[in-house]
Structure formats: C-alpha cells, structure tokens
Amino acid sequence: GGEFEDEFVRDLRHDRTFTVSMANAGPATNGSQFFITTVPTPWLDNKHTVFGRVTRGMDICSLIENVKVDEMDKPYDEITIASIDIL
C-alpha cells in the first residue's frame, strides 16, 4: 500500500507493553509495517500511530523478542505470522 498521513489519537499512547504501532520513516510516511512494543515507549508518542494492543499471545511476542539474531539484528531463522485475529 501507499503512504498515508499520521493519525494520532490522544488516548492511544505507547504507555504499556504489547502496544501495536505503525512503523514509519518520519511524518506522513506510514505504510504497511508495524511493530509491537515489549516495554512502555513514551518517546514514540506522536511519532508512531498506535492502532491496537496485543490481547492474547503475549508469550509468543516474548519468544520472538528473544530469538537469536546476527550482527545486523536480523533473526537467524525466519519469523512469520501465519494467522491473526483482529478484534
């Protein structure tokens, strides 16, 4: 998909673990990549759009966070999302 404008919502903050947020390369460069925080990250507020919270499978997020990576932080083994439920 193409890039789109930032959509910040005052009540959706990076104030807790397992926040789902949009990755970007600066203002108005949102696309189709996302990340999940595993610690509170308030410095990301008003820089990355929060669009959800992980409500199940936090143990899987923690497993992914702790996989072995190379010197470029790339996992040695490919990690894929086989399915997802959006509630």
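A quick note: this is a predicted structure, and the numbers were derived from the prediction, not measured. These values consider heavy atoms only, across backbone and side chains, with no hydrogens, waters or symmetry-generated copies.
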Trainee: Which heavy-atom pair separates V50 from S21 by the least distance, and what is that distance?
Mentor: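 Nearest pair, atom of V50 first, then S21: N-OG, 4.0 Å.
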Trainee: Would a line drawn from the ring center of H48 to the ring center of F8 be shorter than 6.0 Å?
Mentor: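 Ring centroids of H48 and F8 are no less than 6.0 Å from each other.
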Trainee: Just do the side chain to side chain contact (heavy atoms under 4.5 Å, CB included) check on T80 and E78 with the steps written out, would you?
Mentor: CA-CA 7 Å; T80 60; E78 183 175 317; 3.1 Å; yes
Trainee: Do Y76 and V69 have side-chain heavy atoms sitting under 4.5 Å apart?
Mentor: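 No, too far: nothing below the 4.5 Å cut-off.
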Trainee: Check for me, please, whether I36 and I81 land in the same ILVMFWY cluster - side-chain distances under 4.5 Å, paths through other members count.
Mentor: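 Result: yes, single cluster for both.
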Trainee: With rounding to the nearest 0.5 Å, note down the distance linking CZ in R10 to CG in D45.
Mentor: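 The distance works out to 11.5 Å.
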Trainee: Measure across H14 and T19 and return the closest heavy-atom pair with its distance rounded to 0.1 Å.
Mentor: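 Looking at all heavy atoms of both residues, the shortest contact is CD2-CG2, 4.0 Å.
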Trainee: Does atom CG (D70) have a neighbourhood of more than 12 heavy atoms from anything else shown, all under 6.0 Å?
Mentor: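 Atom CG in D70 is packed in, count exceeds 12.
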Trainee: Please walk me through it: do L44 and F35 pass side chain to side chain contact (heavy atoms under 4.5 Å, CB included)?
Mentor: CA-CA 12 Å; L44 300 178; F35 59 92; 3.7 Å; yes
Trainee: Is F34 atom CZ crowded by more than 12 heavy atoms from other residues, nucleotides or ligands, each under 6.0 Å away?
Mentor: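 Counting other residues, nucleotides and ligands, CZ of F34 stays at 12 neighbours or fewer.
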Trainee: Does the distance from a Lys or Arg side-chain N to an Asp or Glu carboxylate O, for D15 and R53, drop under 4.0 Å?
Mentor: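 Salt bridge: yes.
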Trainee: Testing the basics here: between T37 and R16, what is the closest heavy-atom pair and its distance to 0.1 Å?
Mentor: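 Scanning both residues, the minimum pair turns out to be OG1-O, 3.4 Å.
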Trainee: Report all side-chain donor-acceptor pairs from residues 56-66 shorter than 3.5 Å, counting only partners two or more places apart or in another chain.
Mentor:
residue, atom, partner, partner atom, Å
S62, OG, M58, O, 3.3
E65, OE2, T38, OG1, 2.6
N66, ND2, S62, O, 2.8

Trainee: Group every Ile, Leu, Val, Met, Phe, Trp and Tyr by side-chain heavy-atom contacts under 4.5 Å, then state whether F51 and V54 land in the same group.
Mentor: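 Yes, F51 connects to V54 through the hydrophobic network.
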